[in-house]
Amino acid sequence: SSDVCSSDLFKHANQQGYQSILVLEDDFLFDERLNQENPESSKIIKNITEFIQSWGDDTPLLYYLGTLPLIQCPWGLAPHNIVFLSAGMHAVIYNRAFRKMILNEDSNKIKDIDLYTNIFHGMRFTYTTPLCYQLFPQTENSNYWGYQNPIISLLSNWFLHMNIFLFGLDRSERAHV
């Protein structure tokens, strides 16, 4: 996920005039509620879209479809939680203001996107229940978690294994139906 900062992804999205973009990593699985055949799907998507648009163009905003929300709380009456501390970037909607903030930042300051988003000055939200899940099999992407900093790598691996143990996170390569 840290590669998203150094890639041309945000520049391309801005050149195309996209208001918001959804970035998915290689280890995600959508919840059944987002299946096109599910009548709830369009309602959820419309709700999230309107929520993101309600923040306007000036507020840097991330919206997680899936994350490990370590500290979060409800936000207003809508089915959205504000996220204060999280781990995982496997399904994130970035608005234009957030992309602009990242592109204007010194890329040397952003060694790990998970860490950066936990300390940046913007808004972060998630749906009240996860809409996208991250399985934890060994993937190409997981080989690079925290790779630029040995301390972050060590902490990342410790954190992952503690969460797998504490929360029973799924290590299989397929979802269980």
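Values reported hereafter were calculated over all heavy atoms of this structure, with side chains retained and with hydrogens, waters and symmetry mates removed.
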Any side-chain heavy atom of [X] sitting closer than 4.5 Å to one from [Y]?
| X | Y | answer |
| --- | --- | --- |
| Ile82 | Gln72 | no |
| Ile93 | Ile21 | no |
| Phe125 | Tyr64 | no |
| Pro74 | Thr128 | no |
| Val23 | Leu9 | yes |
| Phe30 | Leu24 | yes |
| Tyr127 | Ile48 | yes |
| Arg124 | Leu61 | no |

Nearest-0.5 Å distance, [atom1] of residue [X] to [atom2] of residue [Y]:
| X | Y | atom1 | atom2 | value |
| --- | --- | --- | --- | --- |
| Leu29 | Tyr133 | CG | OH | 8.0 Å |
| Asp8 | Leu103 | CG | CG | 9.5 Å |
| Gln36 | Ile45 | CD | CD1 | 8.0 Å |
| Glu37 | Glu32 | CD | CD | 9.5 Å |
| Asn38 | Lys43 | CG | NZ | 11.0 Å |
| Cys132 | Leu22 | SG | CG | 8.0 Å |

Heavy-atom closest contact ([X] atom, [Y] atom, distance):
| X | Y | answer |
| --- | --- | --- |
| Thr126 | Tyr63 | C-OH, 3.5 Å |
| Leu34 | Ser41 | O-OG, 3.4 Å |
| Arg33 | Pro130 | NH2-O, 2.5 Å |

Discussion item. Using the side chain to side chain donor-acceptor pair (under 3.5 Å) criterion, which residues pair with Asn14? Sequence neighbours excluded.
Written reply: Arg99
Worksheet item: So, do Phe51 and His80 have ring centers that fall under 6.0 Å from each other?
Response: yes
Discussion item. If you count every heavy atom of other residues, nucleotides or ligands that lies below 6.0 Å from Asn104 atom CG, does the total exceed 12?
Written reply: yes
Worksheet item: Going through the checks in order, is the side-chain hydrogen bond (donor to acceptor under 3.5 Å, both in side chains) test met by Gln53 and Asn95?
Response: CA-CA 9 Å; Gln53 290 172 345; Asn95 77 349; over 6 Å; no
Practice prompt. Any chance you could lay out the side-chain hydrogen bond (donor to acceptor under 3.5 Å, both in side chains) test for Arg96 and Ser20, step after step, and finish with the verdict?
Written response: CA-CA 6 Å; Arg96 188 186 330 256; Ser20 297; over 6 Å; no
Item to complete: Under the side-chain contact (heavy atoms from CB on, under 4.5 Å) rule, what do Asp57 and Gln19 come out as? Steps first, then yes or no, please.
Response: CA-CA 8 Å; Asp57 293 330; Gln19 182 63 32; 2.8 Å; yes
